[in-house]
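Each remark here refers to the structure printed beneath this line.
For clarity, every value in this text was computed on a predicted model and none was experimentally measured. Quick note on labels: first sequence line is chain A, next is B, and so on, each numbered from 1.
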There are 2 protein chains.
Amino acid sequence: MEQYFSILKQSPLFAGIEERDLSPMLGCLGAKERQYKKGSSIFSEGEPAVYIGLLCSGAAQIERIDYNGNRTIVSVVDSGELFAESFACAGVERLPISVTATEDCAVILLDCRRITQACCNACAFHQQMIYNLLKITAQKSIRLHQRAEIISHRTTRGKLMAYLTLQATQKSSTKFTIPFDRQELADYLEVDRSGLSAEISKLRKEGILTCRKSDFELL
Amino acid sequence: MEQYFSILKQSPLFAGIEERDLSPMLGCLGAKERQYKKGSSIFSEGEPAVYIGLLCSGAAQIERIDYNGNRTIVSVVDSGELFAESFACAGVERLPISVTATEDCAVILLDCRRITQACCNACAFHQQMIYNLLKITAQKSIRLHQRAEIISHRTTRGKLMAYLTLQATQKSSTKFTIPFDRQELADYLEVDRSGLSAEISKLRKEGILTCRKSDFELL
DNA sequence: CTCCGTTCGTTGAAAATTCAACATACATTT
DNA sequence: AAATGTATGTTGAATTTTCAACGAACGGAG
């Protein structure tokens, strides 16, 4: 577990908590370490929602597959980020989404009940963690709002441009790399892959952007 | 302010807090009461996001209007619910959405900074409120996920049926009343109003549902 | 009662998406 | 070097949505 301390102490979940307190806290919280191979499932839709996941290395996606087999990519999880914390904190019975490793992953699982219920050893930290969790959860809400704003555009072009301009804003640069290939981007934007490719070509011809694979530049 | 105590003590924000403590707390939190007429704006897009709103009476909607004038209804706010808490808690600069009164409203505004920063008088309550806020924020995230799941369907019929079956599930009944007229439902589902009306007619002819105005029944 | 404004349903044409199929490019393996 | 597999781009037909316009139903105001 100690190998991930450099990740943990940078995580907003442990903001305001000293590194020397990490080890007893993790024990108190019943933290479990898990490894997942690229492509494997970290959480599956329908599982009980009790664990908060903290991605220590690798990358993952929040997905949903409907009964027709259509995949939706709800969001991406980068190293150092939490996932599934909303479901665990809200006390829902079962996960409405799946979490899939897009790279080999190392994950720390925290039982949400151990965070939200005070314990005898490290109570002082619990309050800080709950506050940290509040801030993280609120920021995740914003990301959901942002995705909703993107998806709410009616056309492929509208969705694509909304996504790309948001990426450019967040990276503070007109050049950026997106974390998706074409199929994944289509699954994130809720559009047809071939139509998305066609729209990218059109935007390229119109001189609005250039791209190579996942590297984009807005002109 | 006292006239709203019956609402306040039922609000999840004040769960675990005694009614006799409400009055000093509201003072400590710098609560402000506001009245809004039906159709007026409670918060406008671009305003600084410092206040958490608590709707004491009436009803409101979370909306966004894009540069073309297209309205998106992100969610509805019912009496007793919080709104804008994610934006305030996440510490974003400006609101990315507007809140509009769909009925005459009474609202209590709470400065988020006064909740998340401990104060000298009622510190014991602050921790409870932060925990309550965490739970509320997480539950709001779930609602955003639910809307995303609805919007993610590609066709008008798919979106409509996803919405209606969710409503039926939440009301635990095949008969229910939705909080939207046709235009508002279209703005929530991100579809064309006339196309939505046509789809409802078709579903009616197919014997899948019956409806009168906003009263629906799934068969 | 009539007028008026709003909501809702209907329709047909225009526009956009989806779908299926195939071509191309590139990297990896044998 | 050839074969294979994956990702991406292209195309045309089918489907669906959007858009604009209009008519019917309804309720409130005068």
Side-chain angles (χ1 to χ4, degrees), chain A residues 38-39 61 66-73 100 102-103 150-164 177-217, chain B residues 38-39 61 66-73 100 102-103 150-164 177-217:
Chain A
K38 174 175 179 172
Q61 289 178 343
D66 71 17
Y67 42 86
N68 294 322
N70 296 112
R71 175 181 63 172
T72 291
I73 297 177
T100 302
T102 51
E103 304 292 338
I150 289 168
I151 306 298
S152 75
H153 291 264
R154 306 281 233 270
T155 63
T156 299
R157 170 178 292 227
K159 292 177 180 179
L160 177 59
M161 288 307 294
Y163 175 73
L164 293 178
T177 301
I178 66 174
F180 299 128
D181 62 26
R182 292 291 181 275
Q183 183 62 61
E184 290 171 328
L185 181 57
D187 288 342
Y188 181 84
L189 299 180
E190 309 287 0
V191 297
D192 180 71
R193 181 200 61 78
S194 66
L196 174 62
S197 274
E199 201 61 49
I200 291 174
S201 293
K202 209 186 290 181
L203 288 167
R204 205 161 15 196
K205 282 176 192 140
E206 293 174 21
I208 295 175
L209 58 77
T210 61
C211 73
R212 218 188 72 82
K213 300 258 188 187
S214 296
D215 299 321
F216 283 77
E217 177 171 10
Chain B
K38 175 174 178 172
Q61 289 178 343
D66 71 18
Y67 42 86
N68 293 321
N70 296 113
R71 175 181 63 170
T72 290
I73 297 178
T100 302
T102 51
E103 304 293 338
I150 290 168
I151 305 300
S152 76
H153 290 265
R154 308 280 233 272
T155 63
T156 299
R157 170 178 291 228
K159 292 178 181 178
L160 177 59
M161 288 306 295
Y163 175 72
L164 294 178
T177 301
I178 66 173
F180 298 128
D181 62 25
R182 291 290 180 276
Q183 183 62 62
E184 290 172 327
L185 181 57
D187 289 342
Y188 181 84
L189 299 180
E190 309 288 1
V191 297
D192 180 70
R193 180 199 62 79
S194 65
L196 174 63
S197 275
E199 200 63 48
I200 291 175
S201 294
K202 208 185 291 182
L203 288 167
R204 206 160 15 197
K205 282 175 192 143
E206 293 174 22
I208 295 175
L209 57 77
T210 62
C211 73
R212 218 189 73 82
K213 299 259 187 187
S214 296
D215 299 320
F216 284 77
E217 179 172 9

> Are any of the side-chain heavy atoms of B/Arg154 and A/Asn70 separated by less than 4.5 Å?
Replying inline: no
For atom [atom1] of [X] and atom [atom2] of [N], their distance in whole Å:
| X | N | atom1 | atom2 | value |
| --- | --- | --- | --- | --- |
| A/Glu184 | D/dT6 | CD | P | 15 Å |
| B/Leu160 | C/dG9 | CG | P | 11 Å |
| B/Arg182 | C/dC8 | CZ | P | 6 Å |
| B/Gln183 | C/dT6 | CD | P | 13 Å |
| B/Leu189 | D/dT18 | CG | C1' | 15 Å |
| A/Arg212 | D/dG9 | CZ | P | 11 Å |
| B/Asp181 | C/dG9 | CG | P | 11 Å |
| A/Asp187 | D/dA7 | CG | C1' | 14 Å |

> To the nearest 10 degrees, what angle separates the axes at the start and end of the helix from C/dC1-D/dG30 to C/dT30-D/dA1, five pairs each?
Replying inline: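 The angle separating the two end axes equals 30°.
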>> For a quick test of reading the model, state the closest non-hydrogen atom pair linking B/Cys211 to B/Arg204 and the distance between them.
In response: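 The answer is O-NH1, 3.0 Å.
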>> Ignoring hydrogens, what is the shortest heavy-atom contact between A/Glu184 and A/Pro179? Give both atom names and the distance.
In response: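 Scanning both residues completely, I find the closest heavy atoms to be OE1-O, 4.0 Å.
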> Could you run down nucleotides 10-20 of chain C 5' to 3' and tag each one B, S or - for protein heavy-atom contact under 4.0 Å?
Replying inline: BB----SSBBB
> If you measure from NE2 on A/His153 to CD1 on A/Ile151, what distance do you get to the nearest 0.5 Å?
Replying inline: 9.5 Å
> What is the distance from atom OG of A/Ser197 to atom NZ of A/Lys202, rounded to the nearest 0.5 Å?
Replying inline: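 Atom-to-atom, A/Ser197:OG and A/Lys202:NZ are 12.5 Å apart.
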Identify, with sequence neighbours excluded, every residue that meets side chain to side chain contact (heavy atoms under 4.5 Å, CB included) alongside [X].
| X | answer |
| --- | --- |
| B/Lys213 | none |
| A/Thr100 | A/Glu63 |
| B/Leu189 | B/Ile150, B/Lys159, B/Leu160, B/Tyr163, B/Leu185, B/Val191, B/Leu196 |

> Can you name the residues that form a ring-ring contact (aromatic ring centres under 6.0 Å, His included) with A/Phe216, not counting sequence neighbours?
Replying inline: none
